[in-house]
Amino acid sequence: QVQLVESGGGLVQAGGSLRLSCAASGRTFSTNAMGWFRQAPGKEREFVSAISWRDGRAYYENYADSVKGRFTISRDSAKNTVLLQMNSLKPDDTAVYYCAAGLIFRGTAEYDYTYWGQGTQVTVSS
């Protein structure tokens, strides 16, 4: 099992920034991809960004078109932590953000991920 704990959500004005963190514990060696999804009220959960690795060193990043150029994902392998730096936030970015971990390289679908965090709320005011 892998446990995921998100932090860093909050309330920010449009144009502002937030950094989300996801700390993984447990059988982290059983995963090689971690991602962020989000779910806005009344909408389905959608892919935001993911980072995958091979041989513990090479990293590959994926981003949804809606966040490209504004969000940056990174991984601190020593701490088993994935960060999502969110800049130029818009009201449309308001959602609960979920961290996920799995085995599928460069996965962007929910079913590519086995483990999920509880979510952290991000609210962007206009």
Side-chain angles (χ1 to χ4, degrees):
Q1 291 288 333
V2 175
Q3 293 77 42
L4 303 172
V5 179
E6 304 102 330
S7 61
L11 173 64
V12 64
Q13 288 188 334
S17 299
L18 282 174
R19 188 175 73 169
L20 303 184
S21 177
C22 177
S25 60
R27 298 172 63 86
T28 57
F29 58 84
S30 65
T31 62
N32 64 356
M34 290 183 70
W36 290 93
F37 290 74
R38 67 186 181 186
Q39 187 168 22
K43 295 187 177 181
E44 295 186 352
R45 190 154 56 182
E46 64 176 4
F47 171 77
V48 176
S49 180
I51 186 165
S52 306
W53 54 92
R54 282 178 171 161
D55 301 324
R57 289 177 293 179
Y59 295 102
Y60 301 85
E61 302 167 16
N62 299 59
Y63 296 96
D65 288 343
S66 59
V67 306
K68 277 181 183 176
R70 299 188 298 122
F71 291 11
T72 302
I73 193 169
S74 61
R75 179 178 181 245
D76 184 338
S77 58
K79 297 181 179 179
N80 287 323
T81 298
V82 169
L83 303 175
L84 184 68
Q85 179 66 43
M86 306 187 295
N87 297 329
S88 302
L89 283 162
K90 306 174 182 179
D92 284 349
D93 294 319
T94 296
V96 176
Y97 283 69
Y98 296 90
C99 177
L103 273 174
I104 304 301
F105 191 73
R106 305 196 76 174
T108 61
E110 288 189 57
Y111 54 74
D112 290 331
Y113 294 87
T114 305
Y115 306 103
W116 293 83
Q118 294 299 309
T120 185
Q121 177 70 46
V122 171
T123 303
V124 184
S125 63
S126 57

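As a basis for the values below, the full set of heavy atoms in this structure was taken, side chains included, without hydrogen atoms, waters or symmetry mates.
- Among all heavy-atom pairs drawn from G9 and V122, the shortest one is CA-CG2, 4.1 Å.
- Taking the side chain to side chain donor-acceptor pair (under 3.5 Å) definition, one finds that D93 meets it with R38, R70, sequence neighbours left out.
- The distance from the CG atom of L4 to the OG1 atom of T31 is 8.0 Å, given to the nearest 0.5 Å.
- A pairwise comparison of heavy atoms in T108 and F37 identifies O-CE2, 3.7 Å as the closest pair.
- Counting only distance, with no hydrogens or angles, the side chain of E6 and the backbone of G119 share a donor-acceptor pair below 3.5 Å.
- A salt bridge (charged side-chain N to carboxylate O under 4.0 Å, His left out) check over residues 96-110, counting only residues at least two apart or in different chains, returns the pairs R45-E110.
- Of all the heavy atoms in N32 and I104, the pair that sits closest is OD1-N, 4.1 Å.
- Counting only heavy atoms from C-beta outward, the side chains of Q118 and V5 never approach each other to under 4.5 Å.
- Although no hydrogens or angles enter the test, the distance criterion places no donor-acceptor pair under 3.5 Å between the side chain of Y98 and the main chain of Q39.
- Closest non-hydrogen pair, T81 versus K79, comes out as OG1-O, 3.0 Å.
- Residues Y59 and S77 are in side-chain contact: their nearest non-hydrogen atoms beyond the backbone lie under 4.5 Å apart.
- The structure places CG of L83 at 11.5 Å from OG of S49, a figure rounded to the nearest 0.5 Å.
- From S52, atom OG reaches atom CG of N62 across 6.0 Å, with rounding to the nearest 0.5 Å.
- When the side chains of ILVMFWY residues are joined at heavy-atom separations under 4.5 Å, either directly or via intervening members, F47 and L84 end up in two distinct hydrophobic clusters.
- Residues A33 and W53 approach most closely at N-CH2, 3.7 Å, considering heavy atoms.
- Rounding to the nearest 0.5 angstrom, the gap separating the OG atom in S88 from the NZ atom in K90 is 8.0 Å.
- The side-chain heavy atoms of L20 and Q85, taken from C-beta on, include no pair separated by under 4.5 Å.
- The side-chain heavy atoms of W116 and C99, taken from C-beta on, include no pair separated by under 4.5 Å.
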| message | If you apply the rule side chain to side chain contact (heavy atoms under 4.5 Å, CB included), what do you find for Q121 with T94, and how did you get there? | response | CA-CA 8 Å; Q121 177 70 46; T94 296; 4.1 Å; yes
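- Contact of the T72 side chain with the Y63 side chain is registered, since non-hydrogen atoms from C-beta on lie closer than 4.5 Å.
- Residues F71 and L18 form no side-chain contact, since every pair of their non-hydrogen atoms from C-beta on lies 4.5 Å or further apart.
- In the hydrophobic clustering of ILVMFWY residues, with side-chain heavy atoms under 4.5 Å counting as a link, M86 and V96 come out apart.
- Placement of I73 and Y113 in two distinct hydrophobic clusters is found when ILVMFWY residues are connected by side-chain heavy-atom separations under 4.5 Å, directly or transitively.
- Atom OG1 of residue T114 and atom CD of residue Q1 lie 9.5 Å apart, to the nearest 0.5 angstrom.
- Nearest heavy-atom pair, A95 versus A40, reported as atom, atom and distance to 0.1 Å: CB-N, 3.8 Å.
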